[in-house]
Protein chains: 2
Amino acid sequence: MTLAPLPDQYRQPPFTEDCAPRRLLRLFSGKWTTMILHTLHLRGGASRPGQLQRSIPGLSKKMMTQTLRELEHLGLVEREVMEVMPPAVEYRLTSLGQAFVEPLEMLYRWGAEHAALLDRLDQNAAAS
Amino acid sequence: MTLAPLPDQYRQPPFTEDCAPRRLLRLFSGKWTTMILHTLHLRGGASRPGQLQRSIPGLSKKMMTQTLRELEHLGLVEREVMEVMPPAVEYRLTSLGQAFVEPLEMLYRWGAEHAALLDRLDQNAAAS
DNA sequence: CTGCATCCTGGGCGATACTG
DNA sequence: CAGTATCGCCCAGGATGCAG
């Protein structure tokens, strides 16, 4: 069955607090979220915690696990525990996670290609 | 004169705190920033404060002006004061501002096209 | 109409120290 | 090696009220 179109009064204007880009931005708003996703992606979708942390300068153990827990909670990342000594763990992007890497990489590419514009922001801020 | 390539030790890894996507995300991190930019864009690049506020549900006077000040500070938005009574003001996207609308619209489009994925995040979160 | 000042709360994030 | 617990700071951002 097909759904009847939403009455106007319930339709979200394109600039609401819950509009598409904001939902995406909220997902990416954590300080380390994007870097973790991107790094996992770079490593082919999986990494062990130690590796991961060493790959991201400034990332503390606490914030790493905290962020990973959130990503796990959202179904973007899976955690696998290998039963060995010493304990070994691996975090892996789920297929959903991989999907969200796409817009992230778009941002990444845009930023890299327009680094000059980003620099101008700082210049302007410093100037005034 | 041309610049010598940056020595490796100074080159930023792609997942640094100041990498391209994060700089972009920091710009967009304010709760109302993107909605204001997007709305200005929708209106052809300019709007008066009253209009603007009424266009964005939930946006308070305070947060609007505060955000606009920041955007002005960064050179993304211009403020023009018309000398009349009662005072009239117009905010306009600068060319730099227009440039940054581009990645924003990319996000917007992606989000709109993949709303189903965004919904899954909430489902997952609610489930566990 | 437009805009600033003030007060206050929540939560993100960092530092540190401890367990298995 | 991997992970947890606790404490405390800072600041984004909401409410309210005043001013040109």
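Lettering follows sequence order; numbering is per chain, from 1. All values reported here derive from a predicted model rather than from experimental measurement.
B/S95 is linked by a side-chain hydrogen bond (donor to acceptor under 3.5 Å, both in side chains) to nothing, counting only residues two or more places apart in sequence or in another chain. Take A/Q51 and apply the side-chain hydrogen bond (donor to acceptor under 3.5 Å, both in side chains) test, not counting sequence neighbours, and it matches A/R43. Legend: residues meeting salt bridge (charged side-chain N to carboxylate O under 4.0 Å, His left out) with A/E78, ordered by chain and number and at least two apart, are A/R92. For the side chain to side chain contact (heavy atoms under 4.5 Å, CB included) test, no residue two or more places apart in sequence or in another chain qualifies with B/A112. Every residue two or more places apart in sequence or in another chain that forms a side chain to side chain contact (heavy atoms under 4.5 Å, CB included) with B/A99 is listed here: A/L117.
Across the protein-nucleic acid pair, B/M82 atom CE and C/dC1 atom C1' stand 13 Å apart, rounded to whole Å. Atom CZ of B/R54 and atom P of C/dT2 are 7 Å apart (whole Å). The distance between atom CE of A/M35 and atom P of C/dC13, rounded to the nearest whole Å, is 11 Å. Rounded to an integer number of Å, the gap from CG of A/L52 to C1' of D/dC1 is 14 Å. Between A/Q51 atom CD and D/dA2 atom C1' there is a gap of 15 Å when expressed in whole angstrom units. Atom P of nucleotide C/dT2 and atom CE of B/M64 are separated by 7 Å, given to the nearest angstrom. In this entry the distance linking CD of A/Q53 with P of D/dA2 reads 9 Å, nearest Å. In this structure, A/R22 places its CZ atom 12 Å from C1' of D/dG13, rounding to the nearest Å.
Nearer the 5' end of DNA chain C, as judged by each residue's closest nucleotide, is the contact made by A/G58, out of A/P87 and A/G58.
The side chain of A/M63 sits closest to C/dG14 out of C/dG20, C/dG14, C/dC1. Residue B/K31 has its side chain nearest to D/dG14 when only D/dA2, C/dG14, D/dG14 are considered.
Between B/H41 and B/H38, the ring planes lie tilted relative to each other; the angle falls in the 30° to 60° range.
The residue A/P49 sits close only to the backbone: its heavy atoms come under 4.0 Å of sugar-phosphate atoms, none of a base.
Using a 4.5 Å cut-off on side-chain heavy atoms (C-beta onward), A/L24 and B/Y108 make no contact.
At C/dC1, none of the side-chain N or O atoms of B/R48 fall inside 4.0 Å of OP1 or OP2 (strictly under the cut-off).
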List, with names and distances, any nitrogen or oxygen atoms from the protein found under 3.5 Å away from nitrogen or oxygen atoms belonging to nucleotides 4-6 of chain C.
from, atom 1, to, atom 2, distance (Å)
C/dC4, OP2, B/R69, NE, 3.4
C/dC4, OP2, B/R69, NH2, 3.1

